[in-house]
Each structure stands twice: as structure tokens, then as C-alpha cells.
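One structure below.
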Amino acid sequence: MEIFITLFITGFGLGALYFLVASGLSLIYGLMGVLNFAHGAFLTAGAYATWYFTTSIRADGSLSSYVISLFIAGVVGALFAVATEQILIKYLYDRHIDQALVTVGLGFVATSAYLGWFGSDPLIVLPPTQLYNTVQIGDAFVGIDRFLYIGVAALVLIANFLMMRYTRIGLIIRAGVENRSMVTALGIDVRKAFTFVFFIGGFAAGLGGALATTYASGVGPTLGDAFLIYAFITVVIGGMGSVPGTAIAAIVVGTTQVLVNYYVQGLGDFVVVMLLALVLLVRPQGLLGKVAH
Amino acid sequence: MTKALTLADVNVTIKGSHILQGVNFEVEAGVVTGLLGRNGVGKSTTLRSIVGLVPRVGSIKLFEQEISGLKTHEVIRAGVAFVPEDREIFSTLTVLENLKLAERDKNPDYDTVYNLFPELLKRKSQRAGTLSGGQQQMVAVARALLNKTKLLLVDEPTKGLAPKLVTEVADALEVAAQATTILLVEQNLPLIKRIAKNIIVMDQGVVVHSGVPTELENPEFAKQMLGVSGGSH
Ligand SMILES: Nc1ncnc2c1ncn2[C@@H]1O[C@H](COP(=O)(O)OP(=O)(O)OP(=O)(O)O)[C@@H](O)[C@H]1O
Ligand SMILES: [Mg+2]
């Protein structure tokens, strides 16, 4: 039972990281029909930003430095994402295949750039000592960092909910996911919403990158690629364009992966893919997705 | 006559099919003009070309302003409101959210809208997707009436509505017509006779006739132009 609790919370924490990547992917796809394969590169950029900040700018190992680095990673991810949208995606408006191809290319370019700049060996990022503590639940001891991932993801989810529910841009995004051209026919420049969605999606991914350096004890050039695959699976299971659906799917994918990997040696990834296939068969629009029209 | 809208040689080609083949017409300012024609002749495409929802070439003038090069949201902001054929309300948003999204003026005219459609005030927190077809049509029309516009484009607002609702929508259009110019696509000829001052008839991607609604009383005319016997009433 102790092991189960530890694994479950670890999986939940991993799911939280998936959510940070997947929420942006889901919105970008839902609103613009863009499959953004460069999203992992945003995460990696955030991770390297964290490494740089906590080793070269404020290398005091303090909790406050770590928290600042999370924020900086988010901003770096957001700026990278906005630049991507403004420089590449914008000119391929409504050419979905071309947009996807461009993001695939950008993903490759970013990975090789990281390789050239930072080398292939993972760079170690030491989180503040407070994050090495454990929390006792029953007889199980669970790393406190897991709760940090979950807490940050929960904050992002809540912020997202409030933004969607109570702001005009949120209203535009919700309407745009349903019927983009009618939004423009009400006199709204929906492209501004695209840029905004890239901004918040990139911010969440950068934040995820910062936390991933703690989860993975460092950052290498392909850190984001590993997360991207599971984030895509999460998005499809949750339903394109539905952030709550993405949150539920992220937990399912993270916990399934970790639990199955432990109990059935190494089959976790396989089971996640089977889960994806099952959802596609039974509910192609995903858990909370709308039927495409 | 002041012209609210002038189309000159407007062409639309979608995926290789030449749907509008040089559309020319003028819409008189301050009145309702009916845009008529059999099914599939290009009435909806004409409205969509005006607001830039389909790629178009040719000249489209809103009063003195050339709008054919503008993007959809720019055409709308130039003073056009569009009620599409299939309503296209946002089903996951509430009624009020649908209306809020359409707000452009500083003081959107909710009084007029709720006076015309008290039902919408009663149901403002209801998800628009769960409204009846008629109520959804009210939302679609209401969205267009919230702001001051120079031109209102309305595509078959009474399609599939019960007679009582047809009257309600017609009343709303009449109220709107006091403050703006309306180009109305409509199959319901009695409605056209009631509220339109002019008519334009299309066939196979071009305009074939411009005239007045009384012409519809001639059964020969109605049959030839529209393929219907719209004479009586
Ligand atoms: N997106 C599109 N792709 C291909 N063909 C289209 C498209 N939109 C319209 N058409 C075709 O263009 C023609 C005109 O269509 P349109 O909807 O403008 O007709 P309409 O006069 O509004 O007809 P109705 O009275 O049935 O509403 C039709 O033959 C239609 O099939
Ligand atoms: Mg039509």
C-alpha cells in the first residue's frame, strides 16, 4: 500500500507536468487547428532558463531563487511561443499541414541548437533543499516536489478557468474554439486571440520545463520531446480544446504510466498508448471534447 | 437615391467552382431590400462575400467606402452586421455570453433587444445550444441589433420557424429597418411583400432582375424568377 501511494502521487505529479504542456497544446489546436510540434522546445527553453538562472545568476540554492526561476522559465517559454506564432505560424494562416510541418522543423532546429549550445549531457539543476523533504502519508513517504508540481498545475488550471469564465479574451477563445469564422463575423480580430493563446500556452510549457528539471534532476536537449509525446496523448484523450478534459486526462496518463511501469515492468508506455487507442475507438472526440463540425 | 451598398462584378470561386459570376447590384439606403432566387443560386454566398467570409474579387462599396479588400472583422467594424443562414450561435456559451461577444458599441442597445425578444432576457443564463431553433434565431438576430450599423445582412431568418415566430422576427426586422439599411435573403414572399421596398433576383451566380415586391404578385413573374407560385396572399 505504501508503494502504491508513493507511486500514485508520483504519477499524479508527472500528470501535472503533462498538463502544463498539454493545456497549451489543446488550446492552440482547439482555437486554430494547429498541431504545435514545437511545444516541447518551449518547455526545454524554460528548463534551460531555470538552469541558467539557478547556476549563474542566483546560485544560492534558495527557495526564493527557485521560485523566481519558475517565473522566468514561464516568461522565456511564452516569448519563444509568441515569436513562433508571429514569425512562422501567422503567415501560414489556415494552412494546417504547412503549419504543423513548420513546427516539426522548428522542433528539430531547437533541439540541435540546444545540443550545440549546451552539449548533449544533461545539465544538473539542483532544486532548493526544501524540495528534498518528504511528506508522510500513512506509511508512505512521498517527495514534496510532487506536491509542488500538482500545486503549480492546479494554479494554472484555476487561473485558466477564471480567465476563460470571466474575461473577454476568455469568451473570445471559448467562442473561437467552437466557430472561429463567426467570431470574426462579429467584428473580432481572432488573430489577437491566437497570439494570446500562444503566450499562455508557452508560459505554461516553460513553467513545466522549470519543474521538469526537478523531476528529471536536470535538463538535456531532448527533455521537451519526451514530454511532448505524452502531452499529445493527453490532449487527444482529454479532447482537443478542452482544458478541464486535458487536466483529467493528464492525471490518468501520468498515474497509469507510473503505476503500470512498476507493477508490470516497463509496460507503462504501452498501456498509455492502448488507452489512447481505446479512447479513439470509443469516444473519438476525447473525454470532454466537442464533436468536430 | 443614396446607395448603402454597391456590388460591381463580384466573383467568388470556391475549390474550383465559380459560384458568383460577376454579381452587380445596388442597395438603397434606409430601406429593406429582398435578395431572392431559387435554391443554390448564390444568395448566401453573396452575403458571405460582402463580409469577406469567402475569397472574393470585384468591387464592394459600403456607402462611399471600398470594403472588398478588408478582412471580415474590419468589414463588420466598418458598420455591417451579419445574421448567417444557419444561425451560427455559440452553443456552449450562454445567451448573455453570445450577446456580450457581439458587443462593439460603448453602449450596446440591450433595451431594444430585450423589448423585441423578452424571451432572451428570461433565458439569459441558458446555454444557447439548448435553446429551441426559434430562440436561437432570436439570439442570432439580437446579436446584429446590439450595435449601431450602417448595413444589416440577414440570411433566411424565418427558415423553419413557426408562423408566430415568423411574425416576431419580421417585427424585429421592421424595427431595425427604422435605423439602418437591410439586405434580406428570404424565401417567405409574403414577408418580403410586407417589409421590403425593393427586390433583387439572382439566378445561377448572377443578378437577373431588380425591381419592387409588387412584381411578385404576377404569378408568371414569380414562377419564372423563383420557380414558385408566390402570387396569392
Ligand atoms: N464552401 C463551398 N464549397 C463548395 N461549394 C459551395 C460552397 N458554398 C456554396 N457552394 C455552392 O455554391 C452554390 C450557391 O450556394 P449558396 O449557399 O450561396 O446558395 P443560396 O442561394 O443561398 O441557396 P439556398 O436558397 O439553398 O440557401 C451552391 O451550388 C452551393 O453548393
Ligand atoms: Mg442560402
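Because the structure is predicted, anything quoted here is derived from the model rather than measured. Keep in mind that the numbers below use all heavy atoms, side chains included, and drop hydrogens, waters and symmetry copies. Proteins come first, then strands; the chains are lettered A, B, ... in the order of their sequence lines, and each starts at number 1.
Within 6.0 Å of OH in Y110(B) there are more than 12 heavy atoms belonging to other residues, nucleotides or ligands. Atom CZ of F71(A) has 12 or fewer neighbouring heavy atoms from other residues, nucleotides or ligands inside a 6.0 Å radius. Within 6.0 Å of NZ in K159(B) there are more than 12 heavy atoms belonging to other residues, nucleotides or ligands. Heavy-atom contacts from other residues, nucleotides or ligands closer than 6.0 Å to CD of Q65(B) number more than 12. The environment of L281(A) atom CG is dense: over 12 non-hydrogen atoms of other residues, nucleotides or ligands sit within 6.0 angstrom.
If you take OG1 on T184(A) and CD1 on I76(B), they are separated by 7.5 Å, rounding to the nearest 0.5 Å. Taking OG1 of T72(B) as the start and CE of M182(A) as the end, the distance is 10.0 Å to the nearest 0.5 Å. Rounded to the nearest 0.5 Å, atoms CG (L101(B)) and CD1 (I188(A)) are 4.0 Å apart.
Between chain A and the options V75(B), V51(B), L53(B), heavy-atom pairs under 4.5 Å are most frequent for L53(B). For chain A, the option among R77(B), E88(B), H73(B) with the highest count of heavy-atom pairs below 4.5 Å is H73(B).
Interface remark: V190(A) contributes no atoms to any contact with chain B (heavy atom separation under 4.5 Å). With a 4.5 Å cut-off on non-hydrogen atoms, K71(B) touches chain A through its side chain but not through its backbone.
Between the E97(B) side chain and the L171(A) main chain, no donor and acceptor come within less than 3.5 Å of each other. At distances below 3.5 Å, at least one donor-acceptor pair connects side-chain atoms of E178(A) with backbone N or O atoms of S91(B).
Contact annotation: the side chain of L186(A) never approaches that of F82(B) to less than 4.5 Å [non-hydrogen atoms, C-beta and beyond].
In terms of heavy-atom proximity, N179(A) sits nearest to F90(B) at O-CE2, 3.4 Å.
Between E103(B) and R168(A), none of the side-chain N atoms (NZ, or NE/NH1/NH2) sits under 4.0 Å from a carboxylate O, so this pair counts as no salt bridge.
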